[in-house]
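Positions are given from 1, in the same order as the sequence printed here.
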Amino acid sequence: MAKFVYGMQNLLNLKEKLEEQQKAAFGMAKAKLDAEEQKLAELYGKKEYYQEALVNCFSSKLDLLSIKKNEDALKVVQIKIEQQIIMVKQAERQLEIARIQLTEAMKERKTHEKLREKAFETFKSELIQEENKETDELVSFKYGIAKGE
């Protein structure tokens, strides 16, 4: 019995490897986004802490040095928050790019898998036709021998 050999198997293997690489890249982009969002959440926590400290400074005995220190810290945290929001947006864009690339890699792999399936179906069809031809020849041969006797 003949063995099925797909001529473009190397290309299919390559597409599968590329898809795996895109999955890894997507995972790294997702991890980066998660890390950036975590940093942003921590900064919001610091902002809330300094806001509460500032409120406490106003509600207790007025200490101008503490008020100034907390106001400055609050301004610094707000600037860091704005910078971190930019970092989060960049990470979101990178994640979207990685998602698009992964989707494309998956489409290409699936396309090549379908081509392989079609080639296999063609192979099976040709094999069946060849077997039918051999059967017909065998029957004709036996019929010819039986007639000749």
Quick one: do [X] and [Y] end up in the same hydrophobic cluster if we chain Ile, Leu, Val, Met, Phe, Trp and Tyr together by side-chain heavy atoms under 4.5 Å apart?
X: V76; Y: I81; value: no
X: L18; Y: I97; value: no
X: I85; Y: Y50; value: yes
X: Y6; Y: F120; value: yes

Check: Picking from K23, K15, Q22, what satisfies side-chain contact (heavy atoms from CB on, under 4.5 Å) with E19?
Finding: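 Result for side-chain contact (heavy atoms from CB on, under 4.5 Å) with E19: K23.
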
Notebook entry, point to check: Within a radius of less than 6.0 Å around CE of M8, do more than 12 heavy atoms belonging to other residues, nucleotides or ligands occur?
Noted result: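 Atom CE in M8 is crowded, with more than 12 foreign heavy atoms closer than 6.0 Å.
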
Checklist line | Atom OH of Y49 with >12 non-hydrogen neighbours under 6.0 angstrom | finding: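 Not buried by this count: 12 neighbours or fewer within 6.0 Å.
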
Next item on the list: With side chain to side chain contact (heavy atoms under 4.5 Å, CB included) as the test, would you mind laying out the steps for R116 and Q9 before giving the verdict?
Entry: CA-CA 8 Å; R116 183 181 187 280; Q9 185 64 41; 3.0 Å; yes

[X] and [Y]: which non-hydrogen atoms are nearest, and at how many Å?
X: L33; Y: L95; answer: CD2-CD2, 3.6 Å
X: L54; Y: I67; answer: CD1-O, 3.6 Å
X: V77; Y: L43; answer: CG1-O, 3.5 Å

Notebook entry, point to check: Does E104 pair with K107 as a salt bridge, N-O distance under 4.0 Å?
Noted result: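 Salt bridge present between E104 and K107.
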
Notebook entry, point to check: Charged N to carboxylate O below 4.0 Å: is that the case for E96 and R93?
Noted result: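 Looking at R93 together with E96, the answer is no, because their closest N to O distance does not fall below 4.0 Å.
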
Distance (rounded to the nearest 0.5 Å) between [X] [atom1] and [Y] [atom2]:
X: D34; Y: Q38; atom1: CG; atom2: CD; result: 9.0 Å
X: S125; Y: E130; atom1: OG; atom2: CD; result: 11.5 Å
X: T111; Y: L115; atom1: OG1; atom2: CG; result: 7.0 Å
X: L11; Y: E108; atom1: CG; atom2: CD; result: 9.0 Å
X: E42; Y: K46; atom1: CD; atom2: NZ; result: 7.5 Å
X: I86; Y: L40; atom1: CD1; atom2: CG; result: 11.5 Å

Item checked: Polar side-chain atom of Q84 near backbone of E36 as donor-acceptor pair, under 3.5 Å ->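 Indeed, once roles are kept as given, a pair shorter than 3.5 Å links the two residues.
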
Next item on the list: Please assess E113 against R109 for the test side chain to side chain contact (heavy atoms under 4.5 Å, CB included), listing each intermediate value before the final yes or no.
Entry: CA-CA 6 Å; E113 283 180 347; R109 177 193 47 85; 2.9 Å; yes

Note to self: Is the shortest side-chain heavy-atom distance between L102 and M106 below 4.5 Å?
What the structure shows: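 Yes, their side chains come closer than 4.5 Å.
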
Next item on the list: List the steps, then state whether salt bridge (charged side-chain N to carboxylate O under 4.0 Å, His left out) holds for E121 with K124.
Entry: CA-CA 5 Å; E121 291 300 320; K124 286 193 320 187; 3.4 Å; yes

Item checked: Side-chain donor-acceptor pair present, Q94, K32, cut-off under 3.5 Å ->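 No pair is found: no donor N or O on one side chain lies under 3.5 Å from an acceptor on the other.
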
Next item on the list: Carefully, step by step, assess R99 and T103 under the rule side chain to side chain contact (heavy atoms under 4.5 Å, CB included).
Entry: CA-CA 6 Å; R99 184 192 63 76; T103 302; 3.9 Å; yes

Check: What is the ring orientation for F123 with F4, classed by angle as parallel under 30°, tilted 30 to 60°, or perpendicular over 60°?
Finding: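 Rings of F123 and F4: tilted, 30 to 60°.
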
Notebook entry, point to check: Would E92 and E37 count as a side chain to side chain contact (heavy atoms under 4.5 Å, CB included) if you check the C-alpha gap in whole Å, the side-chain angles of each, and the deciding distance to 0.1 Å?
Noted result: CA-CA 10 Å; E92 286 173 344; E37 287 175 339; 4.2 Å; yes

